[in-house]
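Please read the structure below before turning to the comments.
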Amino acid sequence: MTINYGELEERWRKAWNEAKVYEPEPNDNEPVFVTAAFPYVNTPQHIGHLRTYGTADVYARYMRLRGKNVLFPMGFHATGTPILAVAKRVLKGDKDIIDTLMDFDIPIEDIKKMSDPVFCAEYIMHMHQEGFVISGLSIDWRRKFISIEPIFSKMVEWQFGKLNDAGMLKKGLHPVGWCRNENNAVGQHDTKGDAEPEIEALTAVKFKDRDTDAYFVCATYRPETIDGVTNIFVGEHIDYVIAEVGGSKCYLSKHAAEKLSFQKDVMVIGSIDAGELLKRRAINPSNGETVPVLPGYFVEHNIGTGIVMSVPAHAPFDYVALENLKRKGYPVPAMEYRKVVEVHKDGQDADAIPALTQLEMIGKGKEFTDDIVEEATKNLYRLESRWGVISYGKYKGKSEADARELIKTDLVSTGGAFEMYDLANKVPVFCRCGTEVVVKLVDQWFINYGDASWKEKVRTHMANMRFFTQSNANTFSKVVDWIEMRATERAQGLGTRFPLNPEHIIEPLSDSTIYMTMYTYINVLREAKVSADQLKPEFFEYVYLEKGDPDAVSSSTGIDRMAVKKCREMFDYWYKNTSRHSGSDLIYNHLTMYIFNHVLLFDKTRLPNQIVVNGLVNYEGKKMSKSLGNIVPLKKGVAKYGADPLRFIEIVTADLNTDTEFSEKGVASIQAKNEIIVNAVSSLQEMKTQELTHIDYWMYSRLNSKIKAATEHMDSMNFKEAYLEIYYNSINELKRYADHGGSNGIVVREFLEKVTVMLSPVMPHFAEEVWHMLGKTTFVVVEPWPEFDESAINITEETIAEIIDATTQDIKGVIDMRSKSDSNRDKRPIAIEIIVADQWKTTALNGLAKEKSISKVMDLDELSGIERQRLSKFLSQFAKKINALVPVPQIAEDAILNGFRDSIQYIEAKTGVGNITVSLENMSHSNRAERATPQMPAIDIRWE
RNA sequence: GCAGGGAUAGCAAAGCUUGGUCAAAUGCGCUAGGUUCAGGGCCUAGUCCCGUAGGGGUUCGAGAGUUCAAAUCUCUCUCCCUGCACCA
């Protein structure tokens with residue numbers, strides 16, 4: 001029977017909707033509040049998005065079955081620039097964005113309207129909502145909102161007022177990519193070719209001109225090599241200027257002066273010819289040495305300052321440039337290529353010049369072209385940064401990495417250098433408008449997540465949170481150590497105005513750290529028709545912190561008194577036992593900021609309880625991405641595969657924190673297995689009620705140990721293991737049960753019923769269908785999760801089953817092996833005797849597992865009746881692995897004998913041998929009988 | 001560079017926290033057979049090497065160590081991936 005997922009899923013969604021099963025109200029049960037990071041609505045969803053929301057849904061559904069009062073709401077995020085960018089691109093008729101939107105089946109006339117950002121956000125929001133609905137998420141839609149609504153802004157304004165009151169908003173300088181034409185910060189999506197502006201800090205070292213009061217400014221990544229400087233390089237064709245920088249006269253390229261003016265006070269006084277500079281001498285600020293100025297062929301005006309400090313021992317470019325000059329007969333004064341860093345590592349020649357060694361290694365005798373020098377530079381930098389030790393001067397013996405910071409700090413503090421920023425990109429980065437991007441230091445507001453006492457509060461609280469994997473807990477803890485200032489205002493984008501600078505908006509991650517609180521009462525605000533301007537701070541103070549009283553709040557805001565009270569009651573009831581879900585990429589920002597803001601603003605009972613972080617989804621082995629063209633829109637995916645198979649594949653087939661693999665084959669296999677379950681339900685009609693046999697007890701045992709294991713796995717958020725038990729193993733057990741002649745309707749029915757309930761969190765629609773096929777009239781999605789019956793877990797029966805299966809395998813193996821040989825090729829086995837070990841062997845084996853000594857077991861009283869030689873022979877076969885022995889269950893001879901006898905038909909079918917007998921070791925006449933061990937009966941196969 | 005994570009059989013991926021029951025789950029691929037079998041699906045068996053009785057041998061990035069015992073613990077090395085703040 002083929003399952004029509006589309007039809008069945010829609011039918012059950014409609015039934016649940018009508019019964020309002022996902023619209024909880026406070027009751028006596030314990031509330032559980034499940035939220036997932038609200039989606040950003042600049043593009044519609046693809047099937048990968050289902051991972052996070054589905055994971056949250058499975059948890060919500062599981063909690064619901066466990067009798068909790070579960071609220072799972074959802075909102076949408078739209079602040080910031082991406083939606084603005086989409087609208088702008090649509091307005092320009094950008095083909096790329098229009099194609100992308102058309103891939104999601106948006107009609108062209110609607111796409112045209114998306115040049116309005118608000119329309120765009122709301123349109124895509126509706127698509128997301130529909131996607132969530134058809135995916136079967138158990139969301140309470142009465143509480144939906146979008147982050148560009150005025151009432152959302154009111155909450156954010158309250159939050160920032162609190163942050164400011166707590167002194168956590170700070171003003172400071174921050175380097176950003178900058179377009180001087182548009183006067184705007186530029187991020188990756190604002191540049192041509194979406195190049196990420198890579199901002200790097202450099203040290204600008206000031207070498208004084210010996211004869212004037214000006215300085216040569218050299219930008220470097222390696223200030224620690226300062227004592228190895230032999231000369232200064234300038235470019236012969238570069239335009240240089242003299243400029244007043246931070247109070248002192250400096251030489252630098254014209255281009256550099258311009259760029260630097262976005263970071264420091266720069267006043268150009270005049271220009272100076274490269275030829276003039278070449279006549280000067282420069283003084284090393286570290287050691288006072290006077291060095292010459294030479295022409296460097298590789299120096300460029302737009303990299304760094306256009307002036308380079310030359311360290312030929314450690315910089316391949318410098319070395320090569322000096323050699324070139326010498327070869328051309330340029331008057332290069334005698335100089336020492338001083339080595340200031342040593343690498344203590346195998347294969348490093350202590351006397352050689354590192355730059356030359358590296359060049360020769362890479363150049364292999366060829367001419368040193370720029371590519372080779374470039375690579376040598378990279379290698380040497382890596383080698384010395386990792387292994388280098390300073391071998392000269394004050395910091396001799398320190399690692400290069402440590403010395404870099406120390407020397408830089410020394411230079412800066414004595415006025416010998418200043419810090420500057422530049423783009424580290426290989427090629428210049430251009431704004432979409434065509435202007436080259438520079439680094440600007442902007443004066444702006446930050447949230448000070450580096451505040452020591454704040455961090456301490458966060459750490460203290462995090463010790464009480466659940467993160468489910470040790471690795472996630474560690475990551476969070478590292479992020480807390482690392483997080484410092486976070487810029488919190490933006491020049492452009494949708495969103496809430498920043499209270500301390502209303503020209504700007506609040507940065508879109510900072511505005512969504514406490515929004516989940518709003519789900520608890522927003523439906524009350526809507527019903528009471530509360531407007532944004534009524535949401536004054538005192539409202540939030542009362543609802544969130546119970547400060548003030550409802551009468552005062554009501555009279556100052558004009559909000560109905562009952563509504564004010566109800567908002568507080570709803571927040572009070574729902575906002576505890578919270579479970580926060582998101583993809584792992586948000587650990588580094590959103591999730592950490594979520595903890596910080598809660599800890600600062602709310603009281604202890606309202607703080608985050610647990611965070612569940614999940615991996616992503618790969619498509620047929622590859623990452624889903626626009627460039628690979630393998631993005632499957634969620635709507636298409638659900639229509640094609642069914643929401644339930646899609647949910648199963650995405651949510652429970654991989655460990656929580658790793659990526660799942662989506663494949664068509666995988667979906668097909670889930671669909672096929674679902675059909676097996678449906679067939680099992682149909683087969684119930686032919687089954688009768690009868691007395692329980694071995695196989696029935698085994699089935700009960702499996703069912704109950706399954707429930708036990710699955711419950712433990714679900715509780716620790718280990719969905720993969722849980723559903724291995726609930727789904728895959730159940731199907732195998734149904735098969736094994738039938739193979740072994742199981743046919744008891746009562747047993748199978750109970751098995752199927754309980755499995756169906758456990759299946760419902762992942763495949764709610766399908767489970768509901770099966771549940772009703774089983775004749776039920778309730779909703780499976782609100783049934784209680786099954787309890788396990790410890791007494792029904794029967795280790796003996798499960799062990800016997802394992803022994804029977806293993807023995808059957810062994811028999812097959814032996815037959816296969818024997819029939820491969822020439823002498824037996826034509827012979828067929830005609831009879832098999834299975835010989836079950838005598839009881840005393842279990843005693844002896846368990847004795848050995850405990851005593852770890854053969855002689856001690858020989859002396860045991862309970863084995864005194866056993867013939868010495870037989871006992872010794874039996875024990876000695878375990879001698880080699882005596883330390884690895886573990887006790888085995890003691891099983892009565894009759895039980896195992898009967899188990900085999902009940903399974904004779906099965907073994908015959910599996911092995912193709914018709915004459916199978918089972919006997920006890922001491923009753924058998926076979927000369928193989930004594931080979932029997934407790935876990936492994938002896939087998940004697942007779943051939944024709 | 002800084003921080004985090006990883007390296008397991010043809011591929012993908014468990015297991016390693018709490019060393020032994022690990023030749024190592026599972027899925028895919030591949031091979032053979034079956035199926036009124038559409039070159040599909042499903043079923044059965046096999047898939048490191050050797051083996052005429054359920055056995056033996058050699059494996060879990062490389063090297064060293066701890067141990068009666070290591071895929072699992074320690075150290076060193078090599079290589080790979082991800083994030084790094086104006087970007088949601």
Side-chain angles (χ1 to χ4, degrees), chain A residues 37 39-42 77-83 174-177 185-190 196-201 221 345-346 381-382 385-386 401 404 424 442 444 446 449 469-471 474-475 478-479 481-493 507-510 512 584-590 593 618 621 653-655 657-659 661 663 665-666 668-669 671-672 675-676 720-721 724 728 735 806-807 809-825 827 829 849 852 880-886 888 910 928 931 935-941 943:
Chain A
Y40 198 85
V41 292
N42 62 331
H77 198 24
T79 64
T81 50
I83 286 175
H174 185 66
V176 294
V186 288
Q188 188 170 358
H189 58 257
D190 304 312
E196 164 100 55
E198 297 168 43
I199 295 169
E200 293 259 16
Y221 288 110
K345 204 175 171 241
D346 294 347
Y381 183 79
R382 195 184 325 174
S385 292
R386 174 87 196 270
R404 184 173 296 155
V442 293
Q444 62 163 8
F446 293 83
Y449 290 118
T469 66
Q470 192 56 48
S471 110
N474 292 345
T475 307
K478 290 282 174 190
V479 174
D481 290 345
W482 158 86
I483 196 166
E484 288 296 331
M485 294 284 194
R486 165 106 199 165
T488 192
E489 51 168 330
R490 290 286 178 281
Q492 53 185 152
E507 182 272 325
L509 279 169
S510 300
S512 8
S584 51
D585 49 335
L586 295 186
I587 294 179
Y588 294 91
N589 41 58
H590 167 72
M593 291 155 69
N618 286 338
T653 56
D655 287 335
N657 54 356
T658 61
D659 296 349
E661 295 293 331
S663 70
K665 278 199 189 286
S669 114
Q671 291 168 335
E675 286 174 25
I676 293 173
K720 183 188 155 192
E721 292 294 327
L724 186 72
Y728 294 103
K735 222 184 252 177
T807 304
Q809 284 291 317
D810 283 346
I811 292 170
K812 281 174 66 179
V814 172
I815 292 173
D816 282 356
M817 186 57 71
R818 276 287 292 252
S819 58
K820 273 190 212 157
S821 74
D822 292 342
S823 55
N824 285 290
R825 178 146 297 160
K827 294 187 181 171
K852 308 286 182 203
K880 266 196 294 186
K881 39 185 174 177
I882 194 162
N883 284 307
L885 289 180
V886 287
V888 298
K910 283 278 177 187
R928 298 187 60 84
R931 292 177 61 103
Q935 295 285 285
M936 195 170 105
I939 50 186
D940 190 350
I941 303 171
W943 303 79

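Owing to the predicted nature of the structure, the values given are computational and were not obtained by experimental measurement. Here is how names work: the chains are called A, B, and so on, in the same order as the sequence lines, proteins then strands, and each is numbered from 1.
- Protein atom CG of A:D816 is 10 Å distant from nucleotide atom P of B:U47, rounded to whole Å.
- Within 4.0 Å of A:Q935, counting heavy atoms only, lies no atom of the nucleic acid at all.
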Check the pair A:R486 / A:L509 against side-chain contact (heavy atoms from CB on, under 4.5 Å), numbers first and verdict last. CA-CA 10 Å; A:R486 165 106 199 165; A:L509 279 169; 3.5 Å; yes
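- Contacts of A:A938 with the nucleic acid, taken as non-hydrogen atoms under 4.0 Å apart, include base atoms.
- Nearest-nucleotide mapping onto RNA chain B: of A:M485 and A:E661, the residue sitting toward the 5' end is A:E661.
- Across all strands, A:D585 comes closer than 4.0 Å to no nucleic acid atom at all (heavy-atom distances).
- Applying the side-chain hydrogen bond (donor to acceptor under 3.5 Å, both in side chains) test to A:R931 and every residue at least two apart in sequence or in another chain returns nothing.
- The side chain of A:Y40 approaches B:A88 more closely than any other nucleotide in the set B:A12, B:C43, B:A88.
- Distance noted for atom C1' between B:G4 and B:A12: 23 Å (whole Å).
- If you take CG of A:D810 and C1' of B:A53, they are 10 Å apart, rounded to a whole angstrom.
- Picking from B:A53, B:G4, B:A88 the nucleotide with the shortest atom distance to the side chain of A:T475 gives B:G4.
- Comparing atom distances between the A:W482 side chain and each of B:A85, B:A45, B:A53 picks out B:A85 as nearest.
- If you take atom C1' in B:A13 and the same atom in B:G51, they sit 31 Å apart, rounded to whole Å.
- Across all strands shown, the partner of B:G83 is B:C2, judged by Watson-Crick or G-U wobble contacts whose two distances both fall under 3.5 Å.
- Considering only heavy atoms from C-beta on, A:V479 stays 4.5 Å or farther from A:Y449 through its side chain.
- With hydrogens and angles ignored, the 3.5 Å screen pairs no side-chain donor or acceptor of A:H174 with any backbone N or O of A:F446.
- Ranking B:U44, B:A88, B:G55 by closeness to the A:P82 side chain, first place goes to B:A88.
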I need a per-nucleotide contact map over nucleotides 15-39 of chain B, read 5' to 3'. Cutoff is protein heavy atoms under 4.0 Å; write B for the base, S for backbone only, - otherwise. -----B-------SS----------
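- B:A88 is unpaired under the criterion used here, namely a Watson-Crick or G-U wobble arrangement in which both key atom distances are under 3.5 Å.
- In this structure, CD1 of A:I199 is placed 20 Å from P of B:C2, rounded to the nearest angstrom.
- Across all strands, A:T658 comes closer than 4.0 Å only to sugar-phosphate atoms, never to a base (heavy-atom distances).
- The two residues A:I199 and A:P175 make their nearest non-hydrogen contact at CD1-O, 3.8 Å.
- B:A14 and B:G5 have their P atoms separated by 16 Å, given to the nearest Å.
- Atom CD in A:Q444 sits 9.0 Å away from atom OG1 in A:T488 (nearest 0.5 Å).
- Across all strands shown, B:A12 forms a Watson-Crick or G-U wobble pair, both distances under 3.5 Å, with B:U26.
- Using a 4.0 Å heavy-atom cutoff across all strands shown, A:P197 reaches no nucleic acid atom at all.
- Distance, A:I587 CD1 to B:G4 P: 13 Å, rounded to whole Å.
- As the counterpart of B:A45, B:U31 is assigned, both hydrogen-bonding distances of the Watson-Crick or G-U wobble pattern falling under 3.5 Å.
- Nearest-nucleotide mapping onto RNA chain B: of A:G177 and A:I941, the residue sitting toward the 5' end is A:I941.
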Walk me through whether A:T653 and A:K720 qualify under side-chain contact (heavy atoms from CB on, under 4.5 Å). CA-CA 5 Å; A:T653 56; A:K720 183 188 155 192; over 6 Å; no
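- For A:K910, taking side-chain heavy atoms from C-beta onward, the closest of the listed nucleotides B:G54, B:C84, B:A45 is B:A45.
- Rounded to whole Å, the separation between the P atoms of B:C68 and B:A7 comes to 29 Å.
- Remark: P of B:A3 and NZ of A:K478 are 8 Å apart, rounded to the nearest angstrom.
- On the P atoms, B:C43 is 29 Å away from B:G55, given to the nearest whole Å.
- The separation of B:U8 from B:G61, taken at their C1' atoms, amounts to 10 Å, rounded to a whole angstrom.
- In this structure, A:H590 reaches neither bases nor backbone, as no heavy-atom distance under 4.0 Å exists between it and the strands shown.
- Comparing the C1' positions of B:U66 and B:C49 gives a spacing of 31 Å, expressed to the nearest Å.
- B:U26 and B:C75 are spaced 34 Å apart, taking the P atom of each and rounding to whole Å.
- Using Watson-Crick or G-U wobble geometry with both donor-acceptor distances under 3.5 Å, B:U36 finds no partner in any strand shown.
- In this structure, A:K852 contributes its side chain and A:L885 its backbone to a donor-acceptor pair below 3.5 Å.
- When both distances must be under 3.5 Å, the Watson-Crick or G-U wobble mate of B:A64 is B:U74.
- B:C81 atom C1' lies 11 Å from atom CG of A:D659, rounded to whole Å.
- Taking atom CZ on A:R931 and atom C1' on B:G55, their separation rounds to 9 Å, with Å as the unit.
- Panel note: side chain A:Y588, backbone A:I483; no donor-acceptor pair is recorded below 3.5 Å.
- Here the closest non-hydrogen pair linking A:P508 and A:T79 is CB-OG1, 3.2 Å.
- Computed from coordinates, the A:E198 CD to B:G83 C1' distance equals 14 Å when rounded to whole Å.
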